[in-house]
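To start, the structure under review is shown below, and the notes come after it.
Letters A, B, ... mirror the listed sequences (proteins, then strands); counts begin at 1.
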Protein chains: 4
Amino acid sequence: MKTKDLILETAKEMISQVGFHRATTSNLAKAANISEGTIYRHFESKEDILLHILAELEESFSYYIEGVRQKLDKDECSFDMIMADYFTFVEDNEVDMKIMLSTYGLLDSSKRLMAVFLKNLELILEDCIKVGIRKGILRDVAVEENSTIIMTIIFGLTRMHLYWPNQRDVRTEAIDFCRRSLLK
Amino acid sequence: MKTKDLILETAKEMISQVGFHRATTSNLAKAANISEGTIYRHFESKEDILLHILAELEESFSYYIEGVRQKLDKDECSFDMIMADYFTFVEDNEVDMKIMLSTYGLLDSSKRLMAVFLKNLELILEDCIKVGIRKGILRDVAVEENSTIIMTIIFGLTRMHLYWPNQRDVRTEAIDFCRRSLLK
Amino acid sequence: MKTKDLILETAKEMISQVGFHRATTSNLAKAANISEGTIYRHFESKEDILLHILAELEESFSYYIEGVRQKLDKDECSFDMIMADYFTFVEDNEVDMKIMLSTYGLLDSSKRLMAVFLKNLELILEDCIKVGIRKGILRDVAVEENSTIIMTIIFGLTRMHLYWPNQRDVRTEAIDFCRRSLLK
Amino acid sequence: MKTKDLILETAKEMISQVGFHRATTSNLAKAANISEGTIYRHFESKEDILLHILAELEESFSYYIEGVRQKLDKDECSFDMIMADYFTFVEDNEVDMKIMLSTYGLLDSSKRLMAVFLKNLELILEDCIKVGIRKGILRDVAVEENSTIIMTIIFGLTRMHLYWPNQRDVRTEAIDFCRRSLLK
DNA sequence: GATGAATGAGCCTTCATTCAT
DNA sequence: CATGAATGAAGGCTCATTCAT
């Protein structure tokens, strides 16, 4: 593995486990078995490492969103599918997601990315629910409010899943929960 | 106000606004208009301040839980009431809640308290749903899973409300959302 | 002596001897027998120490200039007196002068102060030479050019005196040199 | 241009502009469009680069001195000619001169070279003034002191010219100034 | 109880230098 | 000859904590 990727992977692991502040450059260098100076050959600053991690996550997310959008265009989309796909996305990006969730109170760029997540998910849910209502599949609920609710549920479950792994995993049941609430 | 309480209040405000790490003892002393040494006359360490804040929150929470328990005993309880009451509780303890939510990744005692919140809310929701089902008011859903779900929704909404105040507040609509899913 | 002054004095000695870059906070702390942290209780940064030193020097210089101005107003001033007084001023502020002379290539505030020295000395020499010419004591030379020359001589001698102490001290002879050149 | 010369030229430019400390090997390599390692193939250390620059300057200076010596031997020399020639020499070696003047407080070898400059100029001025006095052209002044003075003036003007380019250039007027002081 | 100066470990970062390719 | 990744010592600075007054 290239050094840059080694640093990135080590940093991901470390930040997701002990948080950004306690993942010091000194510890990072030790864990990756490199010298501290080497970090700065590949990244401008400690924050820059985080930025790279977040950029990767943003790209992954944009793929996910694009995938959902395509399904939506082909009329193959439903809010429960969005939820299921999103849970898969989180599964595939666990470490990065934890990092974003634990740093958006610390770092503007992290907060910005989180806002992108929220906004995109909400918008796509809105579109999807609108379609569902028009088709007569979903109850005639307030579109905006209910997409916000589902989005909030999604993020609540994600966080619970990532930060409280001992907690019962109820993600599939949660989809049913929402179906009962929205399907006619 | 006593010095100890002054420190506590100032710390609450500061930690909830800038986070635990950036709330330095130096800034804290300046903001409270006392000397840094004085802090250590009343608290063993910076973490100890946080512990006191969390202890206060824990006490408030136990009152809330006790209140709900009493209603439950008098058969006056429903899951949507628990949600509504909890949102009121959060409203009354905004600052402390933000602190808990922003530190449970950093501090064991904070994580412990969060676990208490989760467990208690889950248990009481379980009891309440059980009663509801027995009475024939609620659908015959899996009790444990569904209480976990509602608990998760509750915390998701709380976090969203506290950390993304610009986001639409959908807490009352969320209660309806859950009612549709669970009420017969 | 107060700690702040101790730091200031130690820093003066050290910077004047080894230069700003090699006067590290670590060495400074050791020399002053204090901890590195203490430095930052009294000064905002390492540069801030230098700023304080320069500010002191600027004040001393303004006293000197004021003294010369008063003599000028009382018609008791001559260019050779300005030179002699200035050499006394340098003698009284040796260490600070060395610091200014060795940092004005490094630091804007130091360069600014040096410019103040140059400008003030030049202006006062101009006034003084003008008077001398009007009185018929001095030759009818170009005022501005000749004040610049004398100022340059003054600074050349100062630097030589401070940085090459083994070099013959010719400051008094230099005054005669200038007198021969300018007096009728 | 050979790599070694490329490094030398780039270093000259950079050091004279930003100073020795801020001319890092990294920046130097970037500016010269070579790798950092290459520098160490041609020079033993960063200081070694400076040593080469100074050696070049020393050689140029010895040519200048030799030229003056020859004129002196042919009886064609006067102190004002030495001054004028020296100013030409500085003009031709501006960059190197700036480097010497900005590093003799930092580096022994630079200080040594500066001493060579001072000594040689002083000696030749002494010889020249002696001749002038013997011939009856110059006033009967103290030879050593007055050569030191002229030498000091020369270096003061040089420094002023190089470091304060906005300052009026009074080098030719300065020669007249000295002539008035020394010529009968 | 209160003060605030002092501490010192530790943080992020820079940079001259080395070395395998 | 050249490369550029890697090194590690050192630098400036922060901050929780202690202690004499």
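DNA chain F contains the following stems of three or more consecutive Watson-Crick or G-U pairs, with both distances under 3.5 Å: E:2-21 with F:2-21.
Heavy-atom nearest nucleotides on DNA chain E were determined for B:Arg41 and for A:Thr38, and the one closer to the 5' end corresponds to B:Arg41. Heavy-atom distances to DNA chain F give each of B:Ala23 and D:Lys2 a nearest nucleotide, and the one nearer the 5′ end belongs to D:Lys2. When each of B:Thr3 and A:Gly37 is assigned the nucleotide of DNA chain E with its nearest heavy atom, B:Thr3 is the one assigned upstream, toward the 5' end.
Ion pair C:Glu13/C:Lys98 not flagged as a salt bridge, since none of the NZ, NE, NH1 or NH2 atoms sits closer than 4.0 Å to an Asp/Glu carboxylate oxygen. Under the 4.0 Å criterion applied to side-chain N and carboxylate O atoms, D:Arg112 and D:Glu58 are assigned as salt-bridge partners. Of the charged side-chain nitrogens involved, none lies within less than 4.0 Å of a carboxylate oxygen, so that A:Lys30 and A:Glu36 do not count as a salt-bridged pair.
At a threshold of 4.0 angstrom between heavy atoms, the contacts of B:Ile34 are confined to the sugar-phosphate backbone, with no base atom among them. Nucleic acid contact for A:Thr24: sugar-phosphate only, since backbone atoms but no base atoms lie under 4.0 Å from a heavy atom of the residue. Backbone-only contact: D:His42 has heavy atoms under 4.0 Å from sugar-phosphate atoms and none from a base.
With rounding to whole Å, C:Lys30 atom NZ is found 10 Å from F:dA10 atom C1'. Put simply, OH on A:Tyr40 is 13 Å from C1' on F:dG11, counting in whole angstrom units. Atom-to-atom, NE2 of C:His21 to P of F:dA9 comes out at 22 Å; the value is rounded to the nearest Å. Distance CD1 (C:Ile39) to C1' (F:dG12): 10 Å, rounded to an integer number of Å. In this structure, C:Leu106 places its CG atom 13 Å from P of F:dG12, rounding to the nearest Å. Per the geometry, CG belonging to D:Leu6 stands 14 Å off C1' belonging to F:dC1, to the nearest Å. Taking atom CD of residue D:Glu36 and atom P of nucleotide F:dT7, one finds them 15 Å apart after rounding to whole Å. Summarising the geometry, the separation between CG on C:Leu28 and P on F:dG11 is reported as 12 Å, rounded to the nearest angstrom.
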Q.
If you apply the rule side-chain contact (heavy atoms from CB on, under 4.5 Å), what do you find for D:Ile15 with D:Ile53, and how did you get there?
A. CA-CA 10 Å; D:Ile15 295 174; D:Ile53 296 174; 4.2 Å; yes
Q. How far apart are the C-alpha atoms of C:Phe155 and D:Trp164, what are their side-chain angles, what is the distance that settles it, and do they pass the ring-ring contact (aromatic ring centres under 6.0 Å, His included) test?
A. CA-CA 13 Å; C:Phe155 273 94; D:Trp164 300 86; 8.9 Å; no
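Here the range on DNA chain E touched by chain D, meaning any atom under 4.0 Å from one of its heavy atoms, is E:dC15 to E:dT18.
Taking both residues in full, the closest heavy atoms of C:Ile7 and C:Ile39 are given as CD1-CA, 3.9 Å, listed atom of the first, atom of the second, then distance. Pairing each heavy atom of D:Thr158 with each of D:Met97, the nearest pair is CG2-CE, 4.2 Å.
Cation-pi contact between B:Lys46 and B:Phe20: present, with separation from the ring centre below 6.0 Å and deviation from the ring axis of at most 45°.
Counting heavy atoms of neighbouring residues, nucleotides and ligands inside a 6.0 Å radius, atom CG of A:Asp108 does not exceed 12 of them.
For the residue pair B:Thr24 / B:Asn27, a side-chain donor-acceptor distance below 3.5 Å is found, with atom types taken as modelled.
Considering only side-chain N and O atoms, A:Ser35 lies nowhere under 4.0 angstrom from the phosphate OP1 or OP2 of F:dG8.
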